[in-house]
There are 2 protein chains.
Amino acid sequence: MKVLLIEDEQSVSSFIKKGLEEQGHLVTQAFDGTIGLKLASQEDFDVIILDVVIPGMNGIEVCDQLKNNLGVNTPILMLTALGTTDDIVTGLEIGADDYLTKPFKFKELLARLNALTRRTAIRNGDGKQILRVKDLVMNLDTKEVHRDNKEIRLTAREFKLLEYLLKNKNRVVSRTDILENVWEVDFDLGTNVIDVYMNYLRKKIEHGFSSKIIKTVIGMGYIIKD
Amino acid sequence: MKVLLIEDEQSVSSFIKKGLEEQGHLVTQAFDGTIGLKLASQEDFDVIILDVVIPGMNGIEVCDQLKNNLGVNTPILMLTALGTTDDIVTGLEIGADDYLTKPFKFKELLARLNALTRRTAIRNGDGKQILRVKDLVMNLDTKEVHRDNKEIRLTAREFKLLEYLLKNKNRVVSRTDILENVWEVDFDLGTNVIDVYMNYLRKKIEHGFSSKIIKTVIGMGYIIKD
DNA sequence: GTCTTCGATCAGTAAAACTTTCATGATTTG
DNA sequence: CAAATCATGAAAGTTTTACTGATCGAAGAC
C-alpha cells in the first residue's frame with residue numbers, strides 16, 4: 001500500500017514510517033504542506049496521513065485543496081495534537097475521512113488506516129475511475145481529459161491509446177503491445193498508424209504545455225513516466 | 001439519510017435520535033443486537049451506529065456477521081465506553097468503519113457520520129424515486145417527466161432509455177451498455193434502434209428548450225452531464 | 001370482428017467526424 | 001555518414017451519427 005505521510009516532526013514521521021514499513025507498506029514522506037500537496041496531486045497514493053500543524057500550508061488547507069479543488073479522493077487521515085471537538089469537526093467537514101489525536105498508539109493508527117482503505121476499496125467498485133500523470137488527468141467515466149485544468153478533446157482511438165499508455169505507466173510498451181491492445185490486431189506490421197496517432201496525441205496533450213508526457217524509446221516503443 | 005441506531009441505553013439512544021432527526025435524518029432504533037442485526041440485513045441503511053455493549057448479541061458480533069458473513073457493506077460507526085486501544089483495534093479490524101468512545105460530543109458524532117457517508121450517500125440515490133438533471137425531473141413512481149414545469153410524455157421505451165442515462169449521469173454509456181440494459185439483449189444485432197430512440201428522446205426533451213441534455217461522444221456512446 | 005392509432009423497429013441517406021495510408025523530411029544509432 | 005527509425009502533413013478512405021420515411025404488430029375503439 002502506498003502511503004503519503006505529511007508531517008514535519010522528524011521523530012513522529014520516522015516513527016510512523018518505520019512502523020508502516022514493517023507492515024510492508026511503501027511510505028513517502030513530506031515535511032511541509034506545499035510539497036505534500038504537490039506529491040498528493042501528482043502520484044496515486046492509497047491513503048494520506050496528514051498532520052494539521054505543519055509549515056508551508058496547514059493541513060486543513062491541504063485537505064481542502066485536494067478534496068474540494070483538485071478532485072483527489074484519496075482517503076485522508078488527519079493527525080494532530082489539537083483534540084477539541086471543533087477541530088475534529090472542521091477537519092471532517094472539510095473532507096478528511098478520519099481524525100486521530102496525538103498522542104496515539106501505533107496500533108490504532110494502523111487499524112484506522114486499514115478501515116479507511118477497506119472502505120474505499122469497496123467504493124471503487126463503482127466509483128470514479130481516474131488516471132493521472134503529472135498535471136494530466138484522465139477520467140474513464142466521462143471520457144474527459146484535462147491538463148492544467150484545460151479540457152483536451154480526444155477521439156475514441158486517441159483516448160484508448162492514451163488510456164493504454166497510462167495504465168502501463170512507467171513501462172515501455174512496444175508497437176506490438178499497442179497494436180494488440182489498442183487496435184486489437186495480432187499481426188500486420190506494415191503500417192505506421194501508431195506513429196501517426198502518437199503524433200496526434202502529442203499535439204493535443206503536449207503542444208502549448210510546459211512538459212512532454214510521452215517519451216519515445218527508439219527501437220523499443222513508447223513510455224509515460226511520472 | 002436513513003440511520004440504524006443499535007443502542008440499549010434509553011437515554012443515549014433518544015439523545016442521538018433526537019439530534020439526528022433535527023438534522024433531517026430518519027432514525028430507526030434497535031435496543032438489542034439480534035434485532036439490530038435483523039434490521040440491518042433486511043433494510044438498506046446509509047449508516048449504522050452500533051454500541052458494543054448491548055444485550056442479545058454484542059456489537060462486535062453484529063459487526064462481524066454483517067460485514068464478514070452477510071456481505072452488508074453499510075458503513076458502521078462503533079460506539080462504546082470501552083476506550084482502550086485494543087478495543088478500538090478489534091472493532092476496526094472486524095469491519096467497523098469508525099470508532100467513537102463515550103462520552104462524546106454530538107457534534108463530533110455528526111461530523112464522523114457525515115465523513116463516513118459522504119461517498120456512499122452520493123452514489124446511492126437513497127431509494128429516491130426522482131432523477132434530475134438541469135431543469136428536467138423524472139419521477140420513477142408516477143413515470144412522469146417534466147422539464148421547466150411542462151409535462152413531457154414518453155413511451156415506455158423512451159422512458160427506460162432516459163432513466164438509464166440519468167442513472168448513469170456523468171458517465172459515458174456505450175451502445176452495448178444501452179442495448180444490454182434498456183433493450184436487454186446481449187448480442188449486437190446490426191441495428192440502429194438506439195440512434196432512432198435518441199432522436200425521439202431529443203425531440204421531446206430538447207426541442208423547444210434552451211439547453212441540450214444528451215451529449216453524443218463519438219465512437220464511445222452518449223452521456224448526460226449536470 | 002374490423003378499424004384506427006400508436007409504439008417499435010428497420011432501412012436508407014447525407015454530412016460530419018474519424019482512421020489510415022502514403023510520401024517526405026528529421027533524428028538517432030552504430 | 002549511412003541505415004534504421006521516427007515525425008509529420010495532407011489526401012484518400014472509412015465509420016459513425018442524425019434524421020426521415022416505411023413497415024409491422026398490438027391494444028383499444030367502435
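Numbers restart at 1 for each chain; the letters A, B, ... are given by sequence-line order, proteins then strands.
If you check every strand for non-hydrogen atoms under 4.0 Å, R153(B) touches nothing.
Rounded to an integer number of Å, the gap from CD1 of I194(A) to C1' of dT5(D) is 14 Å. Going from atom CE of M220(A) over to atom P of dC6(D) covers 11 Å, rounded to whole Å. Remark: P of dT20(C) and CD1 of I178(A) are 14 Å apart, rounded to the nearest angstrom. Atom NZ in K204(A) sits about 9 Å away from atom P in dT19(C), given to the nearest Å. Look at NE2 on H207(B): it is 10 Å from C1' on dC19(D), rounded to the nearest Å. Distance R202(B) CZ to dA18(D) C1': 8 Å, rounded to the nearest Å. A straight line from CE of M198(A) to C1' of dA7(D) spans 12 Å, rounded to a whole angstrom. Rounding to whole angstrom units, NZ of residue K215(A) and P of dT28(C) are separated by 12 Å.
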If you look only at distance, which donor and acceptor atoms sit under 3.5 Å apart when one is on a side chain in residues 20-30 of chain A and the other is two or more places apart or in another chain?
from: E21(A); atom 1: OE2; to: K17(A); atom 2: NZ; distance (Å): 3.0
from: Q29(A); atom 1: NE2; to: S13(A); atom 2: OG; distance (Å): 2.8

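Checking the phosphate oxygens (OP1, OP2) of dT9(C), no side-chain nitrogen or oxygen of T191(B) falls inside 4.0 Å. For dT19(C), neither phosphate oxygen OP1 nor OP2 lies less than 4.0 angstrom from any side-chain nitrogen or oxygen of W183(A). Taking side-chain N and O atoms only, R175(A) has a distance below 4.0 Å to OP1 or OP2 of dC6(D). Using a 4.0 Å cut-off, some side-chain N or O of R157(A) falls inside it from OP1 or OP2 of dT20(C). Residue T155(B) has a polar side-chain atom (N or O) positioned under 4.0 Å from OP1 or OP2 of dA8(C). The phosphate of dC19(D) has OP1 or OP2 within less than 4.0 Å of a side-chain N or O from N199(B).
One finds a salt bridge joining R147(A) and D135(A) here, because a Lys/Arg side-chain nitrogen approaches an Asp/Glu carboxylate oxygen to under 4.0 Å.
Looking at Y200(A), its side chain comes within 3.5 Å of the base of dT20(C) through a donor and an acceptor atom. Remark: the D195(A) side chain and the dT20(C) base include no donor-acceptor N/O pair separated by less than 3.5 Å. For dT20(C), the base has no donor-acceptor partner in the side chain of Y197(A) [N/O atoms by modelled type, under 3.5 angstrom].
Each of dA8(C), dT8(D), dT19(C) was ranked by its minimum atom distance to the side chain of N192(A); first place goes to dT8(D). Picking from dA8(C), dT17(D), dA7(D) the nucleotide with the shortest atom distance to the side chain of Y222(A) gives dA7(D). Side chain of A156(B), nearest nucleotide from dA8(C), dT21(C), dT9(C): dA8(C). Checking dG7(C), dT20(C), dT17(D) against the side-chain heavy atoms of T216(B) singles out dT17(D) as nearest.
Environment of NZ in K169(B): crowded, with over 12 heavy atoms of neighbouring residues, nucleotides or ligands closer than 6.0 Å. Shown here is D44(B), whose CG atom has no more than 12 heavy atoms of other residues, nucleotides or ligands within 6.0 Å. When the shell of 6.0 Å around CE of M220(A) is examined, it contains 12 or fewer heavy atoms from other residues, nucleotides or ligands. Around NZ of K212(A), the count of heavy atoms belonging to other residues, nucleotides or ligands within 6.0 Å does not exceed 12.
Nearer to the 5' terminus of DNA chain C, by closest-nucleotide assignment, is the contact made by V196(B) (compared with the other of V193(A) and V196(B)). Position along DNA chain D of the nearest nucleotide to K203(A) versus I218(A) favours I218(A) as the more 5'-ward residue.
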